[in-house]
Amino acid sequence: MIASLNPQQQAAVTSASKHALVLAGAGSGKTRVLTTRMAWLIQTGQATPFGLLAVTFTNKSAKEMLTRLTSMLPINVRGMWVGTFHGLCNRMLRAHHRDAGLPQTFQIMDSADQLASIKRLIKAAGIDDEKYPPRDVQRFVNGAKEEGERPGDVDAWDAHRRRMVEIYQLYQDQCERESVVDFAELLLRSYELLQRNAPVREHYQRRFQHILVDEFQDTNRLQYRWLTLLAGGGASMFAVGDDDQSIYAFRGARVGNMAEFERDFAQGNVVRLEQNYRSYGHILDSANALIAHNASRLGKNLWTEQGEGEMVRVVEQPSDMLEAQWIVDEIKSSIDEGRMRSEIAVLYRSNAQSRVIEHALFSSGIPYKVYGGLRFFERQEIKHALAYLRLLDNPHDDTSWLRVVNFPTRGIGARTLEQLGDIAREQNVSLFRAVAHVPGKGGANLARFAQLIQHMAHEAQVLTLPELIEHVVHHSGLLEHYKADREGADRLENLQELVNAATVFMHEERYDDAPAGRAHDESGPDSITGEIVGMSPLAAFLSHASLEAGDNQAQAGQDAIQLMTVHAAKGLEFDVVFITGVEEGLFPHENSLLESAGIEEERRLMYVAITRARERLYLTLAQSRMLHGQTRYAMRSRFLDEIPEQHLKWLTSKEAGARREPWSGAFRRGDAYNRPGTGTVAPRAARSTALGVTVGDRHFRVGQRVRHAKFGEGTILNLSGAGQDAQARIQFADAGQKTLALGVAKLDAVA
DNA sequence: GTGTCGTCCTTTTTT
DNA sequence: AGGACGACAC
């Protein structure tokens, strides 16, 4: 088990110090170390499976961990606390719902549900949604919760923020009324439960003597505190992560938690896993050189025994279309060499870039798969079916109620619903409770719907979960509705798939053929441990659906080129990787430059992208690309210049076209287009503006040095638009980046 | 209730 | 450019 590990991996797995921090570089066997550590703790008798707590961020890695563990040790992993932060918190809250102040049947809202809930609240409370856009409110609420702050804790220093806090409070009241919790609430509630309830806290502190955390660089403040609290009874903490791969600051992750952990817990017990088993030398050294430009790092240098391998290939094309075409041609020859299509990935910084690449692949008849689309449990028809199921468990869930009260249509219009909403608000009750007070025909229709729900809830007491879902799909009218729809065939298929998913779920959770709505075993032998949670198959399935949205890809099976954002590629690896759009403004993204430490996160993102490649890596860029309906021109990314020449092989000339240095002297127009090898000559109109724009009698070019009366000297990073509407993004030496309208701004060329 | 038109936005996203 | 969503008309 341990013998096959390298010395650093062994040191990590068998670390005898109380706490340890493992700095695990990309492709260094991180998951292996984590799972072997667990197996080793159990095998050497230092821990029982029962006494381990292992936390991950995604269901996928939790599953992977359990799979590997069972392959090493013949243990029963059922009842082990291995899962995502959210999954484990849910588990804890179900077991102690009373102590946590939650009804047993509380439902979990996903982000879309949460947004709908906030929109409804803003409308009902008559709040100006221009001043308080639902998305901003959602970000504010989640941000506060991730910092561990309730409305009363938020520092509200101005009127706008004070109002935000009020809305936050209103939202909390609404959630309470409807017995629903959002993702962040799962964590915060769990944290507060542990903090306030000594018996519960001490129970878990006693139980979990070893806490293991994966992807530690992605933890937020609340998660860190949650872990700290659980470890407060003397448990050992084993944290694995890579600060260089922290790319989720925008959603609350704090890289700083790693340094904090080292200071507060590990205290020097840091193990570095630096041997890389994935990539060849040139690729790895490129990544090392790039990331060395980041100032705030714990420090780490990857190495490999695999040899140099191929150099990193760099290609610059005149346009995004030609960039895509070039990639497709290169992919073709890779396939001709006998490579699997699924071993070739095309990565991009932003989703908008995929269109052009898809188009080129499609035209060439090459199968491809785009990751990041709608996931199974997010599909409209599935959300509808789930909304019905949720109402069976909790008819006060207004979000679900409103989703299906008139879907399929049953004569309940906006007017009736407004009436219903008014009554519910007046009496401070759920929509379900308010039904009885709506007069007239609308009231009768509502009553019929309420009866339908109650009737189906009754069925839940006798039918198994798959049977119940079939029943609901049929009697709700969903079946008929989609049958009548010309394009409903796929949706019906998905609904059938939902029934199948439920069958699998029942089997996996060992519910056998228990009725869907009947609680499993209300008072288990040890109710405080949560081992027997007392959830009905229906409730458990609904949690599952919220917490695990399903696969994030189109359709599996076929051997296809893999298309995804760099973020989505984290944790994956491919023989051949194309990193596209390696341009200033795109990668690094211009918005990131406005954020503090934004550029370092972009650099880590590039580091993640590079380290996905095993054998061959391409960096591609385009001098011009279509963005928001405008053609934009950009310089090559600064990241290209941070990789030493010795690792790069330019397949197109490095000097022509978009370059980083400001132009000095004459630049021969059209060079980039007329160079042999690119194969295409751009249309005349594009050619005349490709290198710059003309505003009145003045010419501006990308890379040109300019002086502004107020901002001082700067360099034009990119140009967009034409004539009097043309805009320039300019990096000023002192004033930072600005976007200026060239028709308005007073700019002088600097010699 | 359904269809059409106009407006708005556009970095990254798991749970 | 292109998609999503909301307002409005039939």
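Lettering of chains follows the sequences in order, A, B, ..., and the numbering in each one begins at 1. The structure presented is a predicted model; accordingly, all values stated were derived computationally and were not measured.
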Round to a whole Å and report the spacing from [atom1] of [X] to [atom2] of [N].
X        : N      : atom1 : atom2 : value
A:Glu600 : B:dT11 : CD    : P     : 22 Å
A:Arg603 : B:dT12 : CZ    : C1'   : 17 Å
A:Asn445 : B:dG1  : CG    : P     : 9 Å
A:Leu593 : B:dT11 : CG    : P     : 13 Å
A:Ile579 : B:dT12 : CD1   : C1'   : 15 Å
A:Arg375 : B:dT13 : CZ    : P     : 11 Å
A:Phe377 : B:dT13 : CZ    : C1'   : 19 Å
A:Gln138 : B:dT14 : CD    : C1'   : 13 Å

Salt-bridged, A:Lys30 to A:Asp242, with N to O below 4.0 Å?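 A:Asp242 and A:Lys30: not salt-bridged.
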Need one value for [X]: base, sugar-phosphate or nothing, where a base atom within 4.0 Å counts as base even if backbone is also close, heavy atoms only.
X        : result
A:Phe250 : base
A:Tyr248 : sugar-phosphate
A:Ser546 : nothing
A:Lys570 : nothing
A:Asn351 : sugar-phosphate
A:Asp110 : nothing
A:Glu595 : base

I want to confirm an ordering. Mapping A:Gly87 and A:Gly411 to their closest nucleotides on DNA chain B, which one lands closer to the 5' end?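 Its nucleotide being nearer the 5' end, the pick is A:Gly411.
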Which residue lies toward the 5' end of DNA chain B, A:Glu601 or A:Ala414, if each is placed at its nearest nucleotide? A:Ala414
Looking only at the side chains, is there a donor atom on one of A:Asn394 and A:Glu178 sitting less than 3.5 Å from an acceptor on the other? no
Hey, are A:Ser117 and A:Gln174 close enough side-chain-wise for a donor-acceptor pair under 3.5 Å?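 The answer is yes; a qualifying pair exists.
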Students often mix this up, so state it plainly: with edges at 30° and 60°, are the rings of A:Phe541 and A:Phe377 parallel, tilted or perpendicular?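 The rings of A:Phe541 and A:Phe377 stand perpendicular, inter-plane angle above 60°.
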How are the rings of A:Phe250 and A:Tyr248 set to each other: parallel, tilted or perpendicular (split at 30° and 60°)?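 The rings of A:Phe250 and A:Tyr248 sit tilted, inter-plane angle from 30° to 60°.
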Ignoring hydrogens and geometry beyond distance, is the side chain of A:Ser111 in donor-acceptor contact with the base of B:dT15 at under 3.5 Å? yes
With A:Glu583, the side-chain hydrogen bond (donor to acceptor under 3.5 Å, both in side chains) member among A:Gln623, A:Arg625, A:Arg636, A:His589: A:Arg625
From C-beta outward on [X], which listed nucleotide comes closest to its side chain: [options]?
X        : options                : value
A:Asn406 : B:dT15, C:dA1, B:dG1   : B:dG1
A:Arg251 : B:dT15, B:dT13, B:dT11 : B:dT13
A:His567 : B:dT15, C:dG3, B:dT13  : B:dT13
A:Arg349 : C:dG3, B:dT14, B:dT12  : B:dT12
A:Thr84  : B:dT2, B:dT15, B:dT12  : B:dT15

Contact under 4.0 Å: A:Lys119 side-chain N or O vs C:dG6 OP1/OP2: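 The answer is yes; a side-chain N or O of A:Lys119 sits under 4.0 Å from OP1 or OP2.
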For A:Asn59 and B:dT15, is the shortest distance between a side-chain N/O and OP1 or OP2 below 4.0 Å?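 It does, given that an N or O in the side chain of A:Asn59 lies less than 4.0 Å from OP1 or OP2 of B:dT15.
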Under 5.5 Å between ring centres and under 30° between planes: true for A:His86 and the base of B:dT15? no
So is A:Arg604 actually on top of A:Tyr607's ring, under 6.0 Å and inside 45° of the axis? no
With P as the reference atom in both, quote the distance from C:dC5 to B:dT12 in angstrom, rounded to an integer. 16 Å
